[in-house]
Amino acid sequence: MSLIETKQNRRSFIKVATATGGGFVLGFNWLASCTPDKTIKEIPSEWVDINAFLKIAENGLVTIMSPNPEIGQNVKTAMPMIVAEELDVNWEDVMVEQAPLSKDFSRQVAGGSQSIRSSWKGLRTAGATARQMLVNAAAEQWKMNASDCTTSMGVISNANGEKITYGEIASMAALQAVPEDVKLKEPKNFTIIGTGRGNVDIDKIITGKPLFGLDYKVEGMKYAVALRPPAFGQKLKSFDDTEARNINGVSDVIRYGDKIAVLANSTWAAMKGQKALIAEWEEGEKLENSMDHDHDLHALLYKKSDEPRSNDGNVEKAFTEADKVIEKVYEAPFLPHNTLEPQNFFADVTPEHVRLAGPIQTPAGTRSRIAKLLDRNEDDISLELTRMGGGFGRRLYGDFALDAAEISSLAGVPVKLVYSREDDMTAGIYRPASKYRFKVGFKNGKLTAYHLVGAGVNTGNVTREKNFPAGSVPNYKVESHKLESNITIGAWRAPITNFLACAEQSFVDEVAYEIGMDPVQFRLDLLDEVINNPHGEFGYEPEKMKGVIKLAAEKSNWNHNEEGVFKGFSAYYSHNTYVAEVAKVRLVEGQLKIEKVDCAVDCGILVNPLGAINQIQGGIIDGMGHALYGDLTFKDGKPQSSNFNNYRLIRMIESPEQIDVHFVESDNDPTGLGEPSLPPAGGALANALFAATNIRFYRQPFAKQLVEIEKNI
Amino acid sequence: MANFNISVNGKKHEVDVDPDTPVLWVLRDNLDLVGTKYGCGIAQCGACTVHIDGVAVRSCSIPVASVGKKKITTIEGLSEDGTHPVQEAWKKEDVPQCGYCQAGQIMNAASLLAKNASPSDDEIQEAMNGNICRCATYLKIHAAVKTASSLL
Ligand code: FES
Ligand code: FES
C-alpha cells in the first residue's frame, strides 16, 4: 500500500487541498439534508454526509458527487468509480449526483483531457479518507485498533468475526476526526477501476429524461433568441422590431451591445421573432475573406521569426550541407465545434441572487466573469451544471452565459438563451485556420536538419516544439507566426495538435517514402536516436512512444500486405497520452472506404475501459471526419456555412467500419483520454489514402481532392 | 394562435400554438416532453426523430397543423419503462457519449426494426445515415441496432 501524506489538521486541510489543486476538500455540513434523485426508487430520505464527495444512507446506498462538468467524456461515471474504489463499496450501491459549482471542489473544468489526471489523487484520497473514518468509528465501537479491522464491499469486519455495514456506522463516522494520513490501495487490488462500467446516466438518456441545458426550465421563464451581426467586423446601426413584436408569444425585444434579443413564451416564437427583426449593420472593422487569410498565412511561412520557439544547432548551415532536402506545406481551414446541443444558458438575475444553470466547461471562470459584468459578489451567484450535448472546447467560452445573464438583468425575468444551429455555427469561436511548412535535410542517409514554421489566424502558438521528432535531430528549428484577425478563435478538441499532428505525421510518412524507408522503422530509428544520442530538449518519453508504435504495428499486421488493402501509419503524443494508429482503406465500387483502424494507446491506468474505448473510437472518427469534410470559410466577414445542409459532418456510412483499441498495460497514473486519439487520425488516413492513390493530401478538407481522384478511378 | 388536438404517447393533448409551430417545439415547450432534441431544425441531423403512426419522422420539420389525428410517439413513450429492445440494446452496448443525439438514434432504429427485423449491415448504415452523432458513437450505434435485432 502506498501512503499519501496528509499531515494536517482539519482546518489547514482546506488550504492545502486548494493549493495543490488535488480536487479534494472535506465538507463540514455534517448531516445536512440532501435532495436525492426522486426518479430512482427506494431512495432513503436520511443521509449522512461523510465528506464533500459522498454521503451514505443507513441501507448502505452511497451517493457520490461527480465534481466536473460532463461533456460526453464520461467523467460522471469515471470520477465516482475512483472514489468508490477507495471507499471500498459495491458499485451497484452507488448513486451519482452532478455536483454544482462549489468551493468544496477544485478545478471543476472539462478541458485539456485533464479531469481524471488532475484529480486522480484527490478522488482516491476522498474515498480512502471516508473509508478510514468509517473504520475508525467501527473500531471505537468495538473498542479495538482500527488497524485490526478490514473492509470489503461496504462491510467492516474485525478479527473476532464481528461485522458492521457502512450504513450502520455512517452517522458515527461523520463525527470522527479527519484522519491525518490514509492508505491508498495498490493498483493490483482494484476491483472497480479497470473494469468496464456503463454510463451512469444511461437510463435517463434512453428514456428521454431532462438532463441537458436545453431541457432546463423554470416557471415563468422566457426563451430568448438573439440576432448578432452576420459578419465579423460589423456593428449594429439600427433596427426595427415592429414585425417581431407582432409575433404571437413574443413578449419583449432588447438590444444589448451590437446584439438584439427576442424574448418569448416558446423557443419557436423567439426564433420567429429573431427572423422578423429588420436590422441595419455597418462596417466597424475590416470584413475579412478566406482567400486573404490563405495568402497572408502562406507569406508568414516564409518569414523569419525574431524569436524562434526552438533553435538547436544551425539548421541553415545543415541545409546547405545536406545531400537531400524535402519541404512540404500543409493547410487547414477554420472549423466550428458544432456541439450537437447548440449553445444555451439559463439566467435569473434578481436583486437578491443570480441563478445560473446550463452547459459550461468552465463554471468557475464563467461565474467570475458574470460577477464582473453584473457588478455582483460571486457569493450571490449560484451555478448548476447540466449534462452537455458535447463540448469539444466550445463550452470553455462562457460568451453565451454572459449574454444570458445580461439579457435577464435587462429584462428582469428568468431567461433561457437558445442558439439556433445557424447562430451556433456563425456566432464565432472556431478552430483557427493554420498552415505549416516542414523542411528536413539528410546527409549520408542521416537526418541532420529539421525546420518547422507554423502560422495561425489569431494564434501565435501553433507549434509543439518539444514533441516528436524533437531530440532526434542535431539541427532543429521551430518558428510560429500569428495572423491578426477579427474572427474569434478558440480551443477545439486537441487544440493545435488536431491539425499539427496530421501535417507532421503526413510529412514523416512522405519523408520515409522519399528516402526509401518503412515509415514505422523510420520513426523507431529516430526514437532510438532520442534514447541513445539525444539532441536538445524534448518533452515526451521516447520509450513510451516506441511502445505504442510497436503495438499498433503488431496488432495491425503492418508488415503483412493484404491484397486491395492500403495502410497508413501515424503516432502522436498529446495530453500526456501516447497513441499510434494504423488506418486501412479499401476501394469499393470506385470509392475509398475506411475499413479498419487499429489504435494503440498508453494512457496509464485505465479507469473505465468501456468509456475509454468510446472516447478513442469517437476521437478517431472525429479526427478523420473533420480532416475529410470540415470546412468553414469567410466572405466579407461572413461565415459561408450555417447548418448541416451546407456544412458536412461525418456520418455512419463514411466512418471506419471497425476500430480496435489496444491498451498498453500500465501502473502509471491515468493520463488524458478525451482528446489524444484525435490528433494522429488525420495523418493515418492521409497516409493510407496515399498508399491507395499515390497522391498526397496536403490540404484539409481531403474530400474535395478525393472526389476528383475517385472520378478517375 | 389556434387550438390543436394531438395524440402523443397514447394521450390526447390540446395545445394553443401557431399552426406553423413544428411538432418538436410543441413537444418540448408545451408538453414538457424534452427527450426529443433540437439539433438543426431543417431535417438534417435526426436529433428530433419521433414516430408518426409508427414511422420515423423529423419533428423539427413537421408543422403541428399537419398532424391531424395521427399518433405521435416520442422517446418517452417508446416503452413504459425503458425496456423496448432498442433501449435495452443501447444500454447493453453502452452507446452514448454526450447522449444528446441518442433519443433520435433510438427512435430511428426502432422504426427501422419495425419494418425490417433483421437488417443487414448495409441496411443499417443506410437507415441510420440521416442521424448525426457529433461524438461519433457510430460503431456502437451500429452494434446496438444488431443487438436490438437479436432481442426482438
Ligand atoms: S433537429 Fe430535426 S433533423 Fe435536426
Ligand atoms: S452521443 Fe453526443 S452527439 Fe451522439
Side-chain angles (χ1 to χ4, degrees), chain A residues 70-74 196 198-199 201-203 205-212 214-215 217 223 247-249 265-269 271-272 338-342 387-392 420-421 610-611 614-615 617-622 625 643-645 649-653 655-659, chain B residues 1 17-18 20-22 24-26 28-30 32-42 44-45 47 74-76 78-79 81-82 84 86-88 90-92 94-103 106 121 124-126 128-142:
Chain A
E70 172 63 59
I71 56 176
Q73 82 283 45
N74 211 13
N199 190 315
D201 276 336
I202 188 75
D203 288 326
I205 292 170
I206 62 174
T207 55
K209 296 281 180 320
L211 271 176
F212 299 92
L214 206 71
D215 307 339
K217 190 174 185 178
Y223 298 86
I247 287 176
N248 275 325
N265 298 334
S266 71
T267 318
W268 181 244
M271 285 177 167
K272 275 171 77 174
N338 282 329
T339 57
L340 200 58
E341 178 194 20
R387 193 179 174 85
M388 287 177 244
F392 312 110
S420 68
R421 173 57 55 197
L610 258 188
N614 225 345
Q615 289 307 304
Q617 290 185 338
I620 290 171
I621 301 174
D622 193 1
N643 205 327
F644 301 135
N645 56 339
L649 284 172
I650 193 164
R651 292 170 185 264
M652 189 184 273
I653 285 184
S655 295
E657 285 162 19
Q658 190 183 339
I659 299 176
Chain B
M1 304 277 245
V17 292
D18 272 354
D20 66 352
T21 310
L24 167 68
W25 297 114
V26 173
R28 292 186 55 87
D29 294 351
N30 297 79
D32 287 338
L33 293 169
V34 294
T36 306
K37 299 298 193 234
Y38 166 77
C40 68
I42 56 165
Q44 292 288 319
C45 76
T74 71
I75 185 75
E76 291 91 343
L78 182 63
S79 66
D81 46 4
H84 185 283
V86 175
Q87 288 167 315
E88 299 270 22
W90 246 247
K91 190 168 176 170
K92 187 152 179 267
D94 196 43
V95 176
Q97 283 185 42
C98 81
Y100 192 79
C101 71
Q102 301 297 346
I106 289 171
D121 287 345
I124 293 173
Q125 289 197 349
E126 192 76 17
M128 300 303 294
N129 210 46
N131 287 65
I132 290 174
C133 176
R134 175 65 182 85
C135 304
T137 61
Y138 296 122
L139 295 175
K140 289 218 175 186
I141 292 169
H142 195 281

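Just so it is clear: chains get the letters A, B, ... in the order the sequence lines come, proteins before strands, and each one is counted from 1.
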Less than 4.5 Å to any heavy atom of chain A: does that hold for the side chain of [X], its backbone, both, or neither?
X        : value
B/Val86  : neither
B/Gln102 : side chain
B/His142 : both

(request) Could you have a look at B/Asp94, B/Asn129, B/Leu139, B/Val34 and say which one has the most heavy-atom pairs with chain A under 4.5 angstrom? (result) B/Asn129
(request) Pick whichever of B/Asp32, B/Asn30, B/Leu33, B/Leu24 has the most heavy-atom pairs under 4.5 Å with chain A. (result) B/Asp32
Interface residue of largest heavy-atom contact number with chain B, from [options], under 4.5 Å:
options                                : value
A/Ile621, A/Ile205, A/Asn643, A/Ile71  : A/Asn643
A/Asp215, A/Thr207, A/Ile620           : A/Asp215
A/Arg651, A/Arg421, A/Gln73            : A/Arg651
A/Gln615, A/Arg387, A/Glu657, A/Met388 : A/Arg387

(message) Testing B/Ile106, B/Ile75, B/Val95 one by one against A/Ile206 for a side-chain contact (heavy atoms from CB on, under 4.5 Å), which residue passes?
(response) B/Ile106
(message) So if I apply the side-chain contact (heavy atoms from CB on, under 4.5 Å) rule between B/Tyr100 and each of A/Leu214, A/Leu211, A/Thr339, which one comes out positive?
(response) A/Leu214
First locate atom [atom1] of [X], then atom [atom2] of [Y], and finally report the distance between them rounded to the nearest 0.5 Å.
X        : Y        : atom1 : atom2 : result
B/Arg134 : A/Leu340 : CZ    : CG    : 9.0 Å
A/Ile653 : B/Tyr138 : CD1   : OH    : 11.0 Å
A/Asn74  : B/Cys135 : CG    : SG    : 11.0 Å
A/Ser655 : B/Gln125 : OG    : CD    : 8.0 Å
A/Asp203 : B/Lys91  : CG    : NZ    : 3.5 Å
A/Glu70  : B/Gln97  : CD    : CD    : 9.5 Å

Give, as side chain, backbone, both or neither, the part of [X] having an atom under 4.5 angstrom from any heavy atom of chain B.
X        : value
A/Ile659 : both
A/Thr267 : both
A/Asn614 : both
A/Ile202 : side chain

(message) Closer than 3.5 angstrom, by distance alone: can the side chain of B/Asp29 be matched with the main-chain N or O of A/Asn265 as a donor-acceptor pair?
(response) no
(message) The criterion is ring pair (Phe, Tyr, Trp, His ring centres under 6.0 Å); which residues satisfy it with A/Phe392, sequence neighbours excluded?
(response) none
(request) Check B/Gly39 against A/Phe644 and note the closest heavy-atom contact, atom names and distance. (result) O-CE1, 3.8 Å
